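Only one structure is covered here, and it is reproduced in the block below.
The shown structure was predicted, so the numbers you read here are calculated from the model rather than taken from an experiment. Counting begins at 1 with the first residue of the sequence.
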Amino acid sequence: MNAAQQPTYVDLPSRSAIAATHRLPPSDAAAAEPLVHPRRSTHKKFSTVAVRQSAVLESSVKLTVNLLLAVVAGTTLAKLLPYYQTQRSELQSLQEAVQTAEHSRVSLWDEFSRNFDPQQAPSVMQEHSGKSLATRRAVVLVDPLQD
């Protein structure tokens, strides 16, 4: 930049200097001493207020969304709780039925293995027919004093 293109800076007169040249009353001149650019001061206030408002708005939106999610989760759990309880009771009744069937299976398997065991065939035949073996004799005890 050459000397012709360089910007020149001018000091603005203070309010008291303006009051002296324009003959403002001294009370007005003293009250309005600092000369502040109006755009800068309002812009600074506006940006601070805008930042605070946007932060409040953002927090409000986050809180609203989280509350909405909490309500949805709560209602979903409330709806699922009865279903869970019915499923739990059905599972318990099925487990009891399985235990009963297991006991029945064990007793039937024991009976099956006993019926088809060759060593126990005579005792099984005797149980089913009610007859005793031919080699066995019935013993009857008689009390001689009872006669």
Side-chain angles (χ1 to χ4, degrees), residues 1-139 141:
M1 242 185 230
N2 58 20
Q5 292 178 343
Q6 286 185 356
T8 57
Y9 296 101
V10 178
D11 289 332
L12 295 174
S14 67
R15 178 66 61 122
S16 61
I18 294 172
T21 58
H22 288 65
R23 294 189 183 136
L24 292 174
S27 63
D28 289 343
E33 179 59 37
L35 182 62
V36 180
H37 194 278
R39 286 188 184 171
R40 285 188 182 158
S41 65
T42 57
H43 177 51
K44 208 176 235 187
K45 288 180 184 175
F46 177 73
S47 66
T48 305
V49 170
V51 168
R52 286 182 184 167
Q53 285 178 348
S54 66
V56 168
L57 181 65
E58 181 183 354
S59 297
S60 299
V61 168
K62 285 182 180 179
L63 183 63
T64 304
V65 168
N66 286 337
L67 285 175
L68 181 65
L69 288 174
V71 167
V72 167
T75 56
T76 304
L77 286 176
K79 287 180 181 179
L80 285 178
L81 188 61
Y83 176 75
Y84 172 76
Q85 290 173 342
T86 57
Q87 292 296 316
R88 189 82 172 153
S89 65
E90 286 180 14
L91 176 65
Q92 187 176 8
S93 65
L94 286 174
Q95 285 175 341
E96 290 172 0
V98 165
Q99 285 179 348
T100 304
E102 181 66 23
H103 290 300
S104 173
R105 184 198 63 85
V106 167
S107 65
L108 287 173
W109 181 255
D110 289 342
E111 185 179 339
F112 175 79
S113 61
R114 183 173 173 267
N115 286 339
F116 287 96
D117 185 12
Q119 293 176 349
Q120 295 183 10
S123 63
V124 171
M125 287 190 304
Q126 181 183 359
E127 285 177 11
H128 288 292
S129 66
K131 295 181 180 178
S132 61
L133 293 174
T135 57
R136 287 191 174 180
R137 306 266 179 202
V139 176
L141 296 175

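Counting heavy-atom neighbours within 6.0 Å of Gln120 CD, excluding the residue itself, gives a total above 12. Heavy-atom neighbours of Gln85 CD from other residues, nucleotides or ligands within 6.0 Å: above the threshold of 12. Counted within 6.0 Å of CD on Gln119, heavy atoms from surrounding residues, nucleotides or ligands total 12 or fewer; the atom is thus considered open.
Here the CD atom belonging to Gln99 is positioned 9.5 Å from the CD atom belonging to Glu102, to the nearest 0.5 angstrom. Atom CG in Leu57 sits 16.0 Å away from atom CZ in Arg52 (nearest 0.5 Å). Distance CG/Leu81 to OG1/Thr76: 12.5 Å, rounded to 0.5 Å. The line from CG of Leu91 to OG1 of Thr86 is 11.0 Å long, rounded to the nearest 0.5 Å.
For the side-chain contact (heavy atoms from CB on, under 4.5 Å) test with Gln53, the passing option among Val56, Val51, Val49 is Val49; the others fail. Here the rule is side-chain contact (heavy atoms from CB on, under 4.5 Å) with Leu67, and of Thr64, Leu63, Leu69 only Leu63 fits it.
Smallest separation of non-hydrogen atoms from Ser107 and Ser104: OG-O, 2.9 Å.
For Ser59 (side chain) and Ala55 (main-chain N/O), a donor-acceptor pair under 3.5 Å exists by modelled atom type.
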